[in-house]
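Scroll down for the structure; my scribbles are underneath it.
Counting starts at 1 for both ligands and their atoms, in listed order. Keep in mind it's a predicted model, so treat the numbers as computed, not measured. Nothing fancy with the numbering, it's 1 onward along the sequence.
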Amino acid sequence: MPANPDAADLLQHIWGYAEFRGLQREVIEHVLGGGDALVLMPTGGGKSLCFQIPALLRDGLGIVVSPLIALMQDQVAALRELGLRAAFLNSTLDAETARRVQEQARRGDLDLLYMAPERLLSDSGQRLLDQCRIALFAIDEAHCVSQWGHDFRPEYGQLSILRERWPHVPRVALTATADVPTRQEIADKLLRDGRAFVSSFDRPNIRYRVVEKRDGRAQLLQFIRGEHAGDCGVVYCLSRNTVEEVATMLAAQDIAALPYHAGLSAEMRAHHLRRFLDEDGIVMVATIAFGMGIDKPDVRFVAHLDMPRSIEGYFQETGRAGRDGLLAQAWLAYGLQDVVQQRRLIELSEADATYKRLSTAKLDAMLALAEAADCRRVRLLAYFDETSTPCGNCDNCLSPPELIDATESAQKLLSTIYRCQQASGTRFAATHIIDVLRGKRGDKVERYGHHAVSTFGIGADLDEQDWRSLLRQLVAQHLVEVDAAHFNVLQLGAASREVLRGQRRILLKRRAPGSERKRRAPRG
Ligand code: ADP
Ligand code: ZN
């Protein structure tokens, strides 16, 4: 190592890498010059060096704020292995060790100190920082400042104190997930005239795929058996209950599945995580409690049995697949019930009106992605402000759906909802409406006299599945609203008039034979 090493020397001599990757060099130079930086790179993109190298080159100690205790330990261990002077302060340390670490920090015997945010914000944490010479602040997982994000941590919001108390110490905020408003929020709360360094979010080896949910669990089983037998994977479910049930179901089918959710004991979670990391071919069935900071290279698939509530969530969760660069699949089963359920969750949440509005907008963007008939990757990247061309490695690129003009069918569906409500003075759920459309004279149709409404039987040209698919699309676009509090009855949305008047066109996707849509999933 030369006497006065520069960034490239450290990269070579300490890390053993020949070249900087992507935007690393630019970030490092900017921070060395004393600037604040927002670093957006996908997981595995090499964010750590962006603050580790400047921390070594600048005078003093680099303070790294990280919300993940487990990750902190790993990172510190890895740095020590490289011969660097690193330590962490969090609730897992005994008083004696913590005291020793603080002493080292004060004496200037550390290059990097990782701290949990609550530790940093505490009085003793602030006092400690006052007594140290600080090279920079790195704020990892910086999207946790976002009130609208799914990883919101209140302590993160208070980190704005850093720029107030130490205005001359550069700050680096890092995240793998942030849409444009979240970026703004990070910059507003944590940085001062910060520059954003955004690398591409494309994960070209991940194949995105969305299937219509009929019997989700059976479809999942078929997907794993047919395409990922023996592979390591993650299955995300919305609730702890579903996690347990699906893990049990898969295990009964001789798939090495383990549950993971916040309701399990800490020991059990740690044990399952260890097995997932150490053994081959484990399928982790989990809520979103599983994931942030998990870095296993050979995860071959990430399956969603319930729809994520935002594109960021979806991107982050699917991003855990294929870190080794080899082909991996992101598989999502999606149905009308997902839309209804997610909207209901927003409605029932205790959040204020602004939060609900934003959550609804995020959900709608996710719905549009799930409903899309064109390249999923183009849409995904567009959400992160990145333009691209059709990828050739998503379901819609690989087997383009046939699009049929379904405006007239949509009009029939909307009219039937309207007429049944008019005729009976009450509202009805999807099954009934579809029965009326298809001219099925069941008990309920007879009882309400709906065989007499003018639209009875005018929709016999489409099968039930097509009607459901059409309805799902109308619901996703708010043309029909589902009242989840009242037996999922349907009601026309305000914009439905545009469709009824022929001012808005509705397209229905049809998959080529042999693709997912035509394959009947086995029951069981
Ligand atoms: P992130 O924090 O963005 O998820 P990391 O900083 O953990 O990513 O880096 C991911 C992996 O890439 C690590 O194993 C790291 O050592 C490696 N890496 C980072 N920068 C380089 C580089 N310039 N050349 C080669 N490997 C790199
Ligand atoms: Zn594509």
R153: which of P117, C144, S146 passes side-chain contact (heavy atoms from CB on, under 4.5 Å): C144
So, does P42 sit close enough to ligand 1 that a heavy atom of it is under 4.0 Å from the ligand? yes
If we number the atoms of ligand 1 from 1 as shown, the ones under 4.0 Å from a heavy atom of F20 are 23 (N)
Heavy-atom pairs closer than 4.0 Å: do any link ligand 1 to the side chain of Q24, the backbone, both, or neither? side chain
Closest protein heavy atom to atom 3 (O) of ligand 1, given as residue, atom name and distance to 0.1 Å: K47 NZ, 2.7 Å
Quick one: are the ring centres of H272 and Y260 less than 6.0 Å apart? no
Trace of the side-chain hydrogen bond (donor to acceptor under 3.5 Å, both in side chains) decision for H478 with D364: CA-CA 9 Å; H478 294 281; D364 287 348; 2.8 Å; yes
Return a yes/no value for L49: is any of its N or O atoms, backbone included, closer than 3.5 angstrom to an N or O of ligand 1? no
Atoms of ligand 1, numbered as shown, that sit under 4.0 Å from any heavy atom of S48: 2 (O), 5 (P), 6 (O), 7 (O)
Taking 4.0 angstrom as the limit and counting only heavy atoms of E19, give me the atoms of ligand 1 inside it, by number and element. 22 (C), 23 (N), 24 (N)
The SG(C391)-the Zn ion (ligand 2)-SG(C375) angle, to 10°, is 100°
Is any side-chain heavy atom of N396 closer than 4.5 Å to a side-chain heavy atom of C375? no
Can you tell me which residue and heavy atom of the protein come closest to atom 4 (O) of ligand 1, and the distance to 0.1 Å? G44 N, 2.6 Å
Angle in degrees, rounded to 10°, that SG of C394 and SG of C397 form at the Zn ion (ligand 2): 100°
Near-ring test Y314/H304, centroid separation under 6.0 angstrom: yes
Report the member of F51, W15, Y17 with the shortest heavy-atom distance to atom 13 (C) of ligand 1. Y17
Would you please determine whether M41 falls within less than 4.0 Å of ligand 1 on a heavy-atom basis? no
Should L61 and R133 count as side-chain neighbours, where that means a heavy-atom distance under 4.5 Å? no
Heavy atoms of other groups near R25 CZ, more than 12 under 6.0 Å: no
Does any non-hydrogen side-chain atom of M284 lie less than 4.5 Å from one of V235? no
Which residue owns the protein heavy atom closest to atom 12 (O) of ligand 1, what's the atom, and how far is it? R21 NH1, 3.1 Å
Could you tell me whether D278 atom CG has more than 12 heavy atoms of other residues or ligands within 6.0 Å of it? yes
Identity and distance of the protein heavy atom lying nearest atom 8 (O) of ligand 1: G46 N, 3.1 Å
